[in-house]
Each structure stands twice: as C-alpha cells, then as structure tokens.
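Notes to accompany the following structure.
If you're wondering where the values come from, they're calculated on a predicted model, not measured in any experiment.
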Amino acid sequence: MPAEIPTPISHPGETASNDIRRRLAKVEPHALRTFTPSLAVLAKSAGSYHWTPEGRKLADFSSGVLVMNLGHNPTRWWKRVIEYLQLGGLKTAGEFCEAVTLNGYNAVTEVETIATERLVALMQKQAGGKKCEQVLWAASGSEAIQKALWAAMDRRPGEQMILSTRYGFHGKKGLAGAVTGSEQDSERDSRVKFLSFPREECLNVARRKQPIDLKPYEAELNKLWTEYGNRICALITEPYLGGGGSFHPQKEYIQLLARFCREHDIVFIFDEVQANFGRTGSLFAFTEYGVEPDIVVLGKGLGNGVPVSAAVGRADLFANMHYGEASDTWSANPLASAAVLATLDEYETTEVMGQAKKLSAVIEKGLLKLNELPIVAHIRGEGVVWGIECAPIRNTPADAVAKACVEACYRGDAEGRAIHLLGPLAGKVIRVSPPLVMPVSEAEEYLGVMYNIFAGVAKRVG
Ligand SMILES: Cc1ncc(COP(=O)(O)O)c(C=O)c1O
C-alpha cells in the first residue's frame, strides 16, 4: 500500500499563500518540512517581522529555527557580507565581477583565513575557551557534530564508544542521528550508550532554581565507566534539551559531565549548534555553564541565515584525522566565511548581548504570566530561548492544545497582531525564541497578544 500523503495545509482567505502551498506540495515531498500547523508563506522579512503575500505582518518568535539571532536581513550585516566577498571593492571585468570565488575547493582564500582566525580569537580570548584552537568547518549542524565525533573516534584505536545524554537532538544524519534521542528509538548504533538527563529537576523555572542532587548521575557515570572503561572515546551533550522539549538543566549537571570526561580523558563535546551566539545569555553557552569543552559545536546563529557550522576544539584531536577525512564541497566556502565575519562584527561592535539580556527579562515575565491559564503546564527557559509546555484541557490532549495555540497565534488577534511560531517541540512544547534584537517594547506587546490568544484557546478548546 502506498503511504498516505497528507492534504496540503491551507487557511481560509489566503488566496496567494494557499496557491504557493498547493504548488509546492506537488513538487516537494512533505517529509522535507517539520510539521507546522500554520505553514506560513513568507514573502519578505525585516528585523523581527515577516510579511505574508497577503501583506499580513507576523511578529517572529522563532528566528527561523534559532538562526537569525541578529534579526532578518540586517542592512549593515548584508553590506559587510558583500564587502568581505569583494575584499577591497568590486571590479567588473565585462560579464563577470572580479571578486572572491564562491568555491575554493582544493585551494584557500583569505576570507576563510580571516574568519577562522577571528572565530578562534573570539572563543579563546573573549569567551575563555582555551581549548578552542582550531576550526573544522561544515555546512550544517549535523555535519559538524559528525566531524567532532570522527575526531574523537580517530584518537586511539579501539576507542569507539560514545556516551550521549538522553533525549538530546544533534541532527538526523549519520552519527549525529545516532547520538540523538534514546535507546528506545529504532535502529540504534551499538557504539552509543545513553545516560540520564535531569528533566524532572528542571521541569519549570522554579524547580530549576532548586539545587540538583548529582549522586544518581555520578553513580550512573561510574557504572558506565566500570562497564566500558577506556573503550569510551567521547561524551556529547547539549547545554539544554532544545528539540527534546526545552529542558534547561542546572549548571552543576553539565559541570559533572565535564569533570567526568576530564578525569577519564574522554573527549567532551558540547553541542551549541542551537545555543551559540547569545541564546543562553552569554555569547557561548560553555561560558554560561562554566565548562571548558574539548570541542564546541556551532551552527545556526553562526551565519545568521547563511548555512555554516563548525566544530571548534583542540588541535591535537583534529590532527589525528587524515587529509580529506573532513573535507566536502561546502565546508569553509567563502560565502559562509563572509557571513561568519559579518556576524562576528555585529557581536563585537554592538550592544546585541546587552539588548538580549533586557529582552530575556521581558520574555520571562511575559511567559510566567501564562501560568495563570489552565492550558499551560510549565514555563522553562533562559536567555532568549524558552518553552511553554501545554496542559491537556477537558477532552483535548496537550499536543492538540499546543497545535491550536500555534494556529491561533498565526491567525492573530482582533487588531490583526499575529505571531509566527515553530511547530510544537516534543509534541506539546511551544518554543519562544525571537531574534535577540527584537525591541523590548515590541516583545512586551506581543507577549500580551499571546496571552490573550492563549486565553481564547483555553475557553474554546475541549
Ligand atoms: C542542538 C542541535 N544540534 C544539532 C542540530 C542539527 O543541525 P542541522 O539541522 O543544521 O543539521 C540541531 C538542529 O536543530 C540542534 O538544535
């Protein structure tokens, strides 16, 4: 029996958007998208807003998928991307421009060199990441995770086992997929062993402020060491469970993992693909959590929309890989390098992190107010990355409540104020992660809009 293809999403009154949704559904498999009940069609975007083809304005509470931390299409950022590619001014030569090549495979470019030097300098000097010595570039988060794991696995023959914290998300492809989720998922890689992540202990903002009892986690780590010993080459974790439902652990838990790795000479890989560039309140989450990883994996916000990722870590680990082992068509391409440089310029010369701190306080206050509503079970988060766990109401399960809230935010309030959200995470958690540059007054206004829309859902659903 052929698989059933879902009916393309459409919304009443959206003639132009529905036409685009319908045309795309014919030529693109639905598997390419993560299910999002709104499936907004975005005609243009600036700062913290999108506009649909019908001209409807949507406040962006998602930043793509935590990518556009500096907002959509920042003018100064774009100008710099172009300047970095031309390095000294555009010279036209007939039909072609004399500018930096867009693919320097089997060669190197100066723009790549500067981007790599600047990223290392920023992570080492400003953020204190002493082990951030070299950059292994990639094009997507999962590729950079795979490269970080390869580096750890290449270190010593026979050391091929990887520890991974349960319910994490590190990507879908290759080894990144193998270290994602838990042993319950199908097709597990026998080299990967999962360990507990303290979800109960950080179930909501109040619970996270209480101390964590580390003893059970210490015991579990010791048991794994007794069982597998120095067959273990790496431990990978995230600062917080992002895709796994927005669980932000106490820092002491992450520090315990780092300590365990240090004591047993295990490569500690910190997946900041989502958290990097300011989401947790610091430029890099490893400083926020007080750890010094052997490899930090970056992505998403690193290129502010241009696909680029990186595993940044110890030179001695990367040295074990042979020529070509981590090369591919897009890694360290000049467009990505220019985007990274323009992004670093913004973080180094503007008050974006100060703005993110102010925004964080406003988001926390606005979201905690949602606790008044019967459809909200828990609020979790830090910095500018938050989750609203929905509660079941009457006959409606929490997943359906979350879906109804995302749809209602997309439709907007009576004054036409609408909010663009990601589809729910882990079924019932709504993510709130606007660009760090969203003005505080706008965040306040739209959090109020969200409250009223959710209150309407609470009355209606059931
Ligand atoms: C923490 C984390 N690691 C890795 C990835 C995978 O990144 P990509 O989708 O670019 O492969 C993601 C993506 O959401 C992520 O959140």
Side-chain angles (χ1 to χ4, degrees), residues 127-129 163-169 182 193-226 235-264 266 268-272 274-276 278-294 296 353 356-357 360-372 376-389 391 425-426 428-429 431-433:
L163 302 183
S164 180
T165 49
R166 206 169 279 125
Y167 312 124
F169 184 78
S182 77
K193 301 293 163 203
F194 290 92
L195 58 126
S196 301
F197 190 97
R199 290 193 299 187
E200 274 303 309
E201 291 90 325
C202 59
L203 196 58
N204 53 44
V205 168
R207 182 67 188 85
R208 187 187 188 224
K209 286 188 180 140
Q210 291 168 25
I212 179 171
D213 177 9
L214 292 175
K215 281 193 209 78
Y217 300 100
E218 263 164 354
E220 195 176 333
L221 285 166
N222 290 336
K223 191 164 172 280
L224 284 162
W225 179 253
T226 309
L235 185 154
I236 182 164
T237 192
E238 288 170 272
Y240 57 85
L241 298 186
S246 213
F247 289 90
H248 299 248
Q250 284 89 342
K251 294 172 186 172
E252 291 76 14
Y253 168 74
I254 299 289
Q255 290 166 4
L256 168 72
L257 302 179
R259 209 163 44 242
F260 170 78
C261 288
R262 206 168 47 242
E263 283 166 10
H264 295 292
I266 292 169
F268 180 49
I269 302 175
F270 204 44
D271 177 354
E272 290 203 26
Q274 183 175 120
N276 64 186
R279 281 289 156 193
T280 61
S282 291
L283 196 50
F284 299 104
F286 70 86
T287 55
E288 186 70 28
Y289 279 75
V291 289
E292 238 186 59
D294 297 298
V296 182
M353 288 309 299
K357 275 214 164 50
S360 172
V362 165
I363 296 175
E364 177 165 4
K365 188 165 166 233
L367 292 185
L368 286 177
K369 190 167 160 54
L370 294 179
N371 270 326
E372 293 168 5
V376 172
H378 298 290
I379 300 296
R380 297 189 280 270
E382 64 187 310
V384 190
V385 52
W386 291 79
I388 306 162
E389 182 179 321
L425 310 167
K428 58 181 176 183
V429 179
R431 166 53 56 80
V432 173
S433 53

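- Two residues are said to be in side-chain contact when any heavy atoms from C-beta on lie closer than 4.5 Å; N204 and I379 fail this criterion.
- Figure legend: cation-pi geometry between R262 and F268 absent, as NZ or CZ is not positioned both under 6.0 Å from the six-membered ring centre and within 45° of its axis.
- Within the 4.5 Å cutoff, the side chain of L257 has heavy atoms near those of the L221 side chain.
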inquiry  = As a quick check of understanding, evaluate side chain to side chain contact (heavy atoms under 4.5 Å, CB included) for F194 and T165, giving each step before the final call.
reply    = CA-CA 5 Å; F194 290 92; T165 49; over 6 Å; no
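- In terms of modelled atom types and a separation under 3.5 Å, the side chain of E272 and the main chain of F286 share a donor-acceptor contact.
- Between W386 and S246, the shortest heavy-atom contact is C-OG, 3.6 Å.
- Residues R431 and V385 approach most closely at CZ-CG2, 3.6 Å, considering heavy atoms.
- Residues R166 and S196 approach most closely at NH1-OG, 3.3 Å, considering heavy atoms.
- Side-chain atoms of R380 and V429, non-hydrogen and from C-beta on, do get closer than 4.5 Å to each other.
- Under a 3.5 Å cut-off, the side chain of T226 and the backbone N or O of N222 do form a donor-acceptor pair.
- Salt bridge annotation for E201-R207: absent, with no cationic side-chain nitrogen under 4.0 angstrom from a carboxylate oxygen.
- Across E220 and L195, no two heavy atoms sit closer than the pair OE2-CA, 3.2 Å.
- The ring pair (Phe, Tyr, Trp, His ring centres under 6.0 Å) test with F197 is passed by exactly one of Y253, F169, Y217: Y253.
- No side-chain heavy atom of P249 sits less than 4.5 Å from a side-chain heavy atom of I212.
- Put simply, the side chain of Q250 never gets that close to the backbone of C202: no donor and acceptor are under 3.5 Å apart.
- Among all heavy-atom pairs drawn from L425 and G243, the shortest one is CB-O, 4.0 Å.
- Residues E288 and T280 come closest through the heavy atom pair CD-O, 3.6 Å.
- Not a single donor-acceptor pair under 3.5 Å links the side chain of K428 to the backbone N or O of A391.
- Checking side-chain atoms of R279 against main-chain N and O of V384 turns up a donor-acceptor pair under 3.5 Å.
- Contact annotation: the side chain of F260 approaches that of W225 to within less than 4.5 Å [non-hydrogen atoms, C-beta and beyond].
- Within 6.0 Å of atom CD in Q210, more than 12 heavy atoms from other residues, nucleotides or ligands are found, so the atom counts as buried in its surroundings.
- In this structure the side chain of I254 never reaches within 4.5 angstrom of the side chain of K251, judged on heavy atoms.
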